[in-house]
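In what follows, a structure is listed as structure tokens, so that the remarks can point back to it.
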Amino acid sequence: MDVNNKTIVLEFVFSGLTNNEILKFFLFALFIVIYFATLVINVGLVAIVKNTSSLQNPMYYFLSYLSLVDVFYSSTITPKMLSDLMSQRRTISFEGCALQFFFYAAFGSIETLLLSTMSYDRYVAICHPLHYMTIMTKKKCLSLVLLSFSIGFLQSSVQTSCAFTLQFCGSNFIDHFYCDVPPVLRLSCSDTSASDMVTVYIVVIGFYGISSLSTILISYVFIIVSILKIKSAKGRQKAFSTCSSHIICASVFYGSVFLTYLHSPSDVNGRKSKVAAVFYSVMTPMLNPLIYSLRNQEVKKVIVQVIHNLSPFHTSFKNV
């Protein structure tokens, strides 16, 4: 059929997370609490790092940017998802869909690059402790952060322009709760085979994720070798404790990414894919700062001190 005789798609309709009315209210209450916690915890961690002299080192510098990215990353998906849970018609304009994917892909990519950068930071700290501050200078740290943001927005621009310059003139129903490229490309009526592009997209995502993950794995091979050379058990434990938070965060993030994307288009199970995507896009931004806060003694001490200083009892005691 001639494309000119087809209706051009101006908006998309999401399938959403569920059509169960009771479950909708439960999910709305759950996710709005998670989103609020994500904002408070991440912004709070950024403020603590910025205003605490004992946390002015490269590890916390990168952590503050990771928290900042998590705020924007979560805000790209969660508010729209919450709105759709309470709406009968879950729609988004064509331009809105492209914009949502652009920021989603950009901040997701920046997060992978920051996690890789943080593994390099831990490698320098453990394997070259005497030269740590001369290697990880403020200028170098800033350069690594800027490089992560530049690559993230660049690759997102390429992905978004490739996907949303195709013609969409058939169904506008996206079997998902946000705009991601694979389900969107399946709706394309361009001459380019959408299914082939989905496969290529998944291969690119897989290569990009595996490349970033390889940096982390290689860094930790050197870190583990260095830790094993430490003679005292206490020294080995202390060295490993400085890396454990990063290992957990990276494992959670990459695990959910691979569950979401590393499958063939024909094997997509809508429900399983959505659950993985919820964990990847909604839960992970809240978990990252929690993991660092709960497993890092220095951060915990600062948080306890801040809470103590802000408590009414402490304020009234000072005024006596």
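- By the criterion of side-chain heavy atoms lying less than 4.5 angstrom apart, applied directly or through intervening Ile, Leu, Val, Met, Phe, Trp or Tyr residues, Ile248 is not grouped with Val221; the two fall into different hydrophobic clusters.
- Here the CG atom belonging to Asp180 is positioned 9.5 Å from the OG atom belonging to Ser281, to the nearest 0.5 angstrom.
- Ser83 places no side-chain N or O within 3.5 Å of a backbone atom of Pro79 that could act as its donor or acceptor partner.
- Residues Ile135 and Leu130 do not share a hydrophobic cluster, clusters being chains of Ile/Leu/Val/Met/Phe/Trp/Tyr side chains in contact below 4.5 Å.
- Thr284 places a side-chain N or O within 3.5 Å of a backbone atom of Phe279 that can act as its donor or acceptor partner.
- Although no hydrogens or angles enter the test, the distance criterion places a donor-acceptor pair under 3.5 Å between the side chain of Ser15 and the main chain of His176.
- The side-chain heavy atoms of Val71 and Val43, taken from C-beta on, include a pair separated by under 4.5 Å.
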>> I'd like to know whether Thr112 forms a side-chain contact (heavy atoms from CB on, under 4.5 Å) with Ser116, so could you lay out the CA-CA distance, the side-chain angles of the two residues, the decisive distance to 0.1 Å, and finally the verdict.
In response: CA-CA 6 Å; Thr112 64; Ser116 299; 5.5 Å; no
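- Of all the heavy atoms in Ser232 and Gly235, the pair that sits closest is OG-N, 3.0 Å.
- For Phe168 and Phe12, the ring centers are positioned less than 6.0 Å apart.
- Between Ile216 and Tyr254 there is a side-chain heavy-atom pair separated by less than 4.5 Å.
- Annotation: side-chain hydrogen bond (donor to acceptor under 3.5 Å, both in side chains) contacts involving residues 92-103, sequence neighbours excluded, are absent.
- In this structure, Val40 shares a hydrophobic cluster with Phe36, the cluster being traced through Ile, Leu, Val, Met, Phe, Trp and Tyr side chains under 4.5 angstrom apart.
- Within 6.0 Å of the CZ atom in Phe72, the count of heavy atoms belonging to other residues, nucleotides or ligands does not exceed 12.
- Atoms CG and CE, on Leu290 and Met283 in that order, are 9.0 Å from each other to the nearest 0.5 Å.
- In this view, Phe14 satisfies the ring pair (Phe, Tyr, Trp, His ring centres under 6.0 Å) rule with no residue, not counting sequence neighbours.
- Applying the ring-ring contact (aromatic ring centres under 6.0 Å, His included) rule to pairs touching residues 110-142 yields Tyr123-His128, Tyr123-Phe222, sequence neighbours excluded.
- Among pairs with a residue in residues 135-159, none fulfils salt bridge (charged side-chain N to carboxylate O under 4.0 Å, His left out), at least two apart in sequence or across chains.
- With hydrogens and angles disregarded, a donor-acceptor distance shorter than 3.5 Å links the side chain of Thr18 to the backbone of Asn20.
- A side-chain donor-acceptor contact under 3.5 Å links His246 to the backbone of Leu115.
- With hydrophobic clusters built from ILVMFWY side chains whose heavy atoms lie under 4.5 angstrom apart, Leu166 does not share a cluster with Val158.
- Looking at heavy atoms from C-beta onward, Ile34 lies in side-chain contact with Val282 at the 4.5 angstrom threshold.
- Side-chain contact between Arg122 and Tyr220 is present, with at least one heavy-atom pair separated by less than 4.5 Å.
- Looking at Thr137, its side chain never comes within 3.5 Å of a backbone N or O of Thr134 through a donor-acceptor pair.
- Remark: Ser74 pairs with Thr78 by the side-chain hydrogen bond (donor to acceptor under 3.5 Å, both in side chains) rule, at least two apart or across chains.
- In the hydrophobic clustering (ILVMFWY side chains linked at under 4.5 Å, chained through shared members), Val13 is joined by Phe173.
- By the side-chain hydrogen bond (donor to acceptor under 3.5 Å, both in side chains) test, Asp84 pairs with Lys80, sequence neighbours left out.
- Under the 4.5 Å side-chain contact rule for hydrophobic residues, Phe164 and Leu154 do not share a cluster.
- Distance CD/Glu111 to CE/Met118: 9.5 Å, rounded to 0.5 Å.
- Taking every heavy atom of both residues into account, Val49 and Ser64 meet most closely at CG1-CB, 4.1 Å.
- For the pair Ser157 and Ser161, the minimum side-chain heavy-atom distance is 4.5 Å or more.
- In terms of heavy atoms, Pro289 sits closest to Leu45 at CB-CD2, 3.7 Å.
- A distance of 12.0 Å separates CG of Leu114 from SG of Cys249, quoted to the nearest 0.5 Å.
- For the residue pair Ser148 / Tyr65, no side-chain donor-acceptor distance below 3.5 Å is found, with atom types taken as modelled.
- Leu287 has its side chain out of reach of Phe253: every pair of non-hydrogen atoms, C-beta onward, lies at least 4.5 Å apart.
- Identified under the disulfide (SG to SG under 2.5 Å) test for residues 53-124, with sequence neighbours left out: Cys97-Cys179.
- The side-chain hydrogen bond (donor to acceptor under 3.5 Å, both in side chains) check on Tyr61 picks up nothing, with sequence neighbours excluded.
- With hydrogens and angles ignored, the 3.5 Å screen pairs no side-chain donor or acceptor of Asp70 with any backbone N or O of Met286.
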> Taking it one step at a time, do Tyr178 and Phe101 satisfy ring pair (Phe, Tyr, Trp, His ring centres under 6.0 Å)?
Replying inline: CA-CA 8 Å; Tyr178 64 89; Phe101 173 75; 8.9 Å; no
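- For Glu11, the CD atom counts as densely surrounded, since its 6.0 Å shell holds more than 12 non-hydrogen atoms of other residues, nucleotides or ligands.
- In this structure, the side chain of Gln159 does not engage the main chain of Ser156 through any donor-acceptor pair within 3.5 Å.
- Residue Thr76 comes nearest to Tyr104 through the heavy atom pair CG2-N, 3.6 Å, listed as atom of the first residue, atom of the second, then distance.
- Both Met136 and Ile218 are members of a single hydrophobic cluster when ILVMFWY side chains are connected at heavy-atom separations under 4.5 Å.
- Membership of the apolar cluster around Ile224 extends to Leu228, as traced through chained side-chain contacts below 4.5 Å between ILVMFWY residues.
- Closest of all the heavy-atom pairs between Ser119 and Ile223 is O-CD1, 4.2 Å.
- The aromatic rings of Phe153 and Phe107 sit perpendicular to each other, their planes meeting at more than 60°, with 30° as the lower class boundary.
- Residues Phe62 and Asp121 form a side-chain contact, since some pair of their non-hydrogen atoms from C-beta on lies under 4.5 Å apart.
- Considering only heavy atoms from C-beta on, Tyr280 comes within 4.5 Å of Tyr73 through its side chain.
- One finds the CD1 atom of Ile230 at 12.0 Å from the CZ atom of Phe240 (value rounded to the nearest 0.5 Å).
- For the atom pair CG (Leu217) and OG (Ser219), the distance works out to 8.5 Å, reported to the nearest 0.5 Å.
- Here Asn19 pairs with Arg90 under the side chain to side chain contact (heavy atoms under 4.5 Å, CB included) rule; sequence neighbours left out.
- In terms of heavy-atom proximity, Met81 sits nearest to Leu17 at SD-CD1, 3.7 Å.
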